[in-house]
Amino acid sequence: MSGTPAPQAPVIALEGIRLGFEAGDVLRGISLHVSSRETLVLLGETGSGKTLLLKLVAGLLRPDAGRVVVLDRDLGAMSESELLNFRRQIGFVFQEGALFDSLSVADNVAYRLLEEDLEEAETRERVGEALRFVEMESAIEKLPGDLSGGMRRRVSIARALITHPPIVLYDSPTAGLDPVTAQTIITLILRLRDVYGVTAMLATHRLQDAFALANFRFVPATGGVERISANGRGSQAGGGASADGSAPSTRFLFLREGEVYFEGDQRAVLETSDPYLRKFLV
């Protein structure tokens, strides 16, 4: 007799995380989980701990207390050399891009491949593939200083996906960009999510970015985006149907003073009367 399938373990799980510095605790007992192919959007004021959570998931920081389990690996039990190998499975898009100014676009994107001992031809092919994905192949020989802010973010996304990671972390990817450029970056994030099926965490101050991830999907057949209708399927007016008709899962998690203040979907955010959450809607 067949039973109900066991629920899958989350791809990312944080349990009772505490992290502090000289001024005191910054993260205070945070627990969260992210399922396969889900996007968790972290929102909150500056200093609430969004970037620290991303660095914990990437194994760049260790908590003072609690457990960080990613891809079934307890990061606290891993050595530094094990963490180095683990990080190849994580794409990290840093705030402002964090490119090496003295390296060309090609060398910046290829940087994560240096320890994989690849043939030069394969490295060039993978760099070209990543840059084509973000529509930046024409800038392959340029230096970061020759690029606009939005172009640098696109190169940073190419660098993050060069190893085809199952998880991508975004730290304020649209901060400081004009609305048109910010929309281009969000479209790339949708494309990466819906073409490669990555699991993602995204920290932002911009609730409109979170709503865009919840309301739209990328359509490979048309190369554009379409709105997800109320029944969870794509709107034909958007230019084509999605591959499977199902809506990607996007959840919102609001931090306040280093603690989880609210967690829920878009409807719960829109319907809230909580004054702290309402100010993000303005």
Side-chain angles (χ1 to χ4, degrees), residues 9-36 38-80 82-84 86-87 89-96 98 156 160 165-175 189 198-207 209-210 213 249-266 268-269 272 274-280:
V11 175
I12 300 169
L14 276 63
E15 304 169 3
I17 296 298
R18 300 187 73 87
L19 178 65
F21 301 98
E22 291 183 1
D25 283 349
V26 181
L27 300 177
R28 303 178 178 90
I30 286 184
S31 296
L32 62 83
H33 69 274
V34 188
S35 301
S36 177
E38 183 177 34
T39 297
L40 181 66
V41 182
L42 305 175
L43 296 125
E45 298 173 331
T46 300
S48 58
K50 302 184 299 296
T51 297
L52 292 178
L53 286 177
L54 297 182
K55 289 183 175 180
L56 286 165
V57 172
L60 298 173
L61 290 175
R62 294 180 185 267
D64 297 325
R67 295 176 73 228
V68 180
V69 180
V70 182
L71 297 170
D72 295 323
R73 302 290 303 276
D74 186 340
L75 303 195
M78 297 169 67
S79 66
E80 286 300 322
E82 289 173 328
L83 282 172
L84 185 62
F86 160 80
R87 291 187 193 112
Q89 301 178 75
I90 306 293
F92 203 129
V93 179
F94 292 92
Q95 189 171 0
E96 305 298 338
S156 183
I167 296 173
V168 178
L169 310 174
Y170 304 93
D171 187 9
S172 301
T174 64
I189 293 172
V198 299
T199 302
M201 290 177 63
L202 185 147
T204 183
H205 295 95
R206 293 163 50 96
L207 193 55
D209 290 350
L213 294 172
S249 175
T250 302
R251 285 188 297 118
F252 304 162
L253 187 147
F254 287 80
L255 297 170
R256 187 175 188 182
E257 297 178 354
E259 298 179 352
V260 175
Y261 185 80
F262 171 89
E263 186 174 0
D265 61 13
Q266 177 179 240
V269 175
T272 185
D274 184 284
Y276 180 72
L277 301 183
R278 293 294 304 177
K279 71 179 181 179
F280 288 91

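Note that the numbering runs from 1 along the sequence shown for the chain.
In terms of heavy-atom proximity, S156 sits nearest to V93 at OG-CG1, 3.6 Å. Of all heavy-atom pairs between R251 and V34, the closest is NH2-CA, 4.1 Å. Between V41 and A210, the shortest heavy-atom contact is CG1-CB, 3.7 Å. Summarising the geometry of R62 relative to E80, their closest heavy-atom pair is NH2-OE2, 3.5 Å, with the distance given to 0.1 Å. Listed here is the closest heavy atom pair of F86 and M78: CB-CE, 3.5 Å. Counting all heavy atoms, side chain and backbone alike, S31 lies closest to G16 at OG-N, 2.8 Å.
The backbone N or O of L255 sits nowhere less than 3.5 Å from a side-chain atom of K50 that would complete a donor-acceptor pair. Using a distance-only test at 3.5 Å, with no hydrogens or angles considered, a donor-acceptor pair links the side chain of D274 to the main chain of L277. Without hydrogens or angle criteria, R206 side chain to A175 main chain gives no donor-acceptor distance under 3.5 Å. Panel note: side chain R87, backbone G59; a donor-acceptor pair is recorded below 3.5 Å. Side-chain N or O atoms of D64 include one that pairs as donor or acceptor with a backbone N or O of G20 at under 3.5 Å.
Here the two rings, on F280 and F254, have centers that are under 6.0 Å apart.
Cation-pi geometry between R256 and Y276 is met: the NZ or CZ atom falls under 6.0 Å from the ring centre, inside 45° of the normal.
From L253, atom CG reaches atom CG of L43 across 8.5 Å, with rounding to the nearest 0.5 Å. Remark: E15 CD to H33 NE2 distance equals 11.5 Å, nearest 0.5 Å. L75 contributes atom CG, which lies 11.5 Å from atom CG of L61 (distance to the nearest 0.5 angstrom). Annotation: the span from I17 atom CD1 to R67 atom CZ amounts to 9.5 Å, rounded to 0.5 Å. With values rounded to the nearest 0.5 angstrom, M201 atom CE is found 9.5 Å from I167 atom CD1. Taken from CG in L169 to CZ in F92, the straight-line distance is 5.5 Å, to the nearest 0.5 Å.
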L207/V269 under side-chain contact (heavy atoms from CB on, under 4.5 Å): CA gap, chis, key distance, verdict: CA-CA 10 Å; L207 193 55; V269 175; 4.2 Å; yes

CA sep, side-chain torsions, deciding dist, call: I189, D209, side-chain contact (heavy atoms from CB on, under 4.5 Å): CA-CA 10 Å; I189 293 172; D209 290 350; over 6 Å; no

Candidate pair F262 and T272, rule side-chain contact (heavy atoms from CB on, under 4.5 Å), full reasoning: CA-CA 10 Å; F262 171 89; T272 185; 5.5 Å; no

Verdict with reasoning, T204 to Y170, per side-chain contact (heavy atoms from CB on, under 4.5 Å): CA-CA 8 Å; T204 183; Y170 304 93; over 6 Å; no

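Two residues are said to be in side-chain contact when any heavy atoms from C-beta on lie closer than 4.5 Å; Q266 and T250 fail this criterion. The side-chain heavy atoms of V260 and I30, taken from C-beta on, include a pair separated by under 4.5 Å. Annotation: side chain of I12 is not in contact with side chain of L40 (no heavy-atom distance under 4.5 Å). Residues Q89 and V70 form no side-chain contact, since every pair of their non-hydrogen atoms from C-beta on lies 4.5 Å or further apart. Side-chain contact check for P166 versus L71: some heavy-atom pair is nearer than 4.5 Å.
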